[in-house]
Amino acid sequence: MDQICSGPSGFEFEALYEIEVVKLGRSASATTNTLSEESVVSLWEVSSRKLLGSVAIPAGAMGDDDGFVYRALDSAFILKRGGIYRLVA
């Protein structure tokens, strides 16, 4: 039986180093290397449930050579070493 995901999906990770984040992104279609519809990508700090940043990537955005599309954040931010974060799209 096929499973269909109708909500956002993503992953949680721990920052091993202090990291400055200037862009957010997601994977593009494996067949066309583009997005078929707009996608909002958000990064959250798990402990505080605080939204750190979010970008809207428009439909038709072209992926890079590795198959990912990115958009610059309005303001960069720092991930703290040892912090737990969640990236969702």
Side-chain angles (χ1 to χ4, degrees):
M1 172 188 262
D2 291 334
Q3 293 184 349
I4 298 172
C5 177
S6 61
S9 61
F11 61 93
E12 193 170 286
F13 64 95
E14 178 181 356
L16 300 179
Y17 306 95
E18 183 175 284
I19 304 166
E20 181 180 22
V21 179
V22 297
K23 296 179 182 180
L24 294 176
R26 59 156 298 151
S27 60
S29 165
T31 56
T32 64
N33 200 30
T34 63
L35 287 183
S36 59
E37 58 186 44
E38 180 180 84
S39 181
V40 176
V41 181
S42 303
L43 187 63
W44 298 82
E45 182 178 49
V46 172
S47 64
S48 66
R49 297 184 180 189
K50 178 181 176 187
L51 176 63
L52 300 175
S54 188
V55 295
I57 303 175
M62 291 294 300
D64 64 11
D65 290 342
D66 294 320
F68 288 87
V69 291
Y70 299 93
R71 287 296 176 268
L73 292 157
D74 290 335
S75 298
F77 54 85
I78 302 293
L79 300 186
K80 296 177 242 165
R81 181 177 181 240
I84 306 296
Y85 301 94
R86 187 172 295 141
L87 183 69
V88 296

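Just so you know, these numbers use all the heavy atoms, side chains as well, and skip hydrogens, waters and symmetry mates.
With contacts defined as side-chain heavy-atom distances shorter than 4.5 Å, the pair Ile57/Leu35 qualifies. A 4.5 Å side-chain heavy-atom check between Val55 and Lys23 finds every atom pair outside the cut-off.
Val69 and Val88 are not part of a single hydrophobic cluster, where members link through side-chain heavy atoms under 4.5 Å apart. Taking hydrophobic clusters as Ile, Leu, Val, Met, Phe, Trp and Tyr residues chained together by side-chain heavy-atom distances below 4.5 Å, Val22 does not share a cluster with Leu87. When the side chains of ILVMFWY residues are joined at heavy-atom separations under 4.5 Å, either directly or via intervening members, Val41 and Tyr70 end up in two distinct hydrophobic clusters. Note on Leu43 and Phe11: same hydrophobic cluster, where clusters join Ile, Leu, Val, Met, Phe, Trp and Tyr whose side-chain heavy atoms are under 4.5 Å apart, directly or indirectly.
Considering every non-hydrogen atom in both Pro58 and Ala56, the closest pair reads CD-O, 3.8 Å. Nearest heavy atoms, Ala28 versus Gly63: CB-CA, 4.3 Å. Closest approach of Ser36 to Ala59, counting heavy atoms only: O-CB, 3.8 Å.
Interatomic distance, CG of Leu51 versus CD of Glu45, reported as 11.0 Å (0.5 Å rounding). Note that CD1 of Ile84 is 12.0 Å distant from OG of Ser48, once rounded to the nearest 0.5 Å.
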Derivation of the side-chain contact (heavy atoms from CB on, under 4.5 Å) call for Lys80 and Tyr85: CA-CA 10 Å; Lys80 296 177 242 165; Tyr85 301 94; 3.7 Å; yes

Go through it in stages, so that I can follow the logic: the residues are Phe13 and Leu79, the test is side-chain contact (heavy atoms from CB on, under 4.5 Å), and I'd like the CA-CA distance, side-chain angles, deciding distance and then a yes or no. CA-CA 11 Å; Phe13 64 95; Leu79 300 186; 3.9 Å; yes

Run the side-chain contact (heavy atoms from CB on, under 4.5 Å) check on Leu24 and Arg71 step by step: do they pass? CA-CA 6 Å; Leu24 294 176; Arg71 287 296 176 268; over 6 Å; no

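Ion pair Glu18/Arg81 not flagged as a salt bridge, since none of the NZ, NE, NH1 or NH2 atoms sits closer than 4.0 Å to an Asp/Glu carboxylate oxygen.
Under a 3.5 Å cut-off, the side chain of Asp66 and the backbone N or O of Phe68 do not form any donor-acceptor pair.
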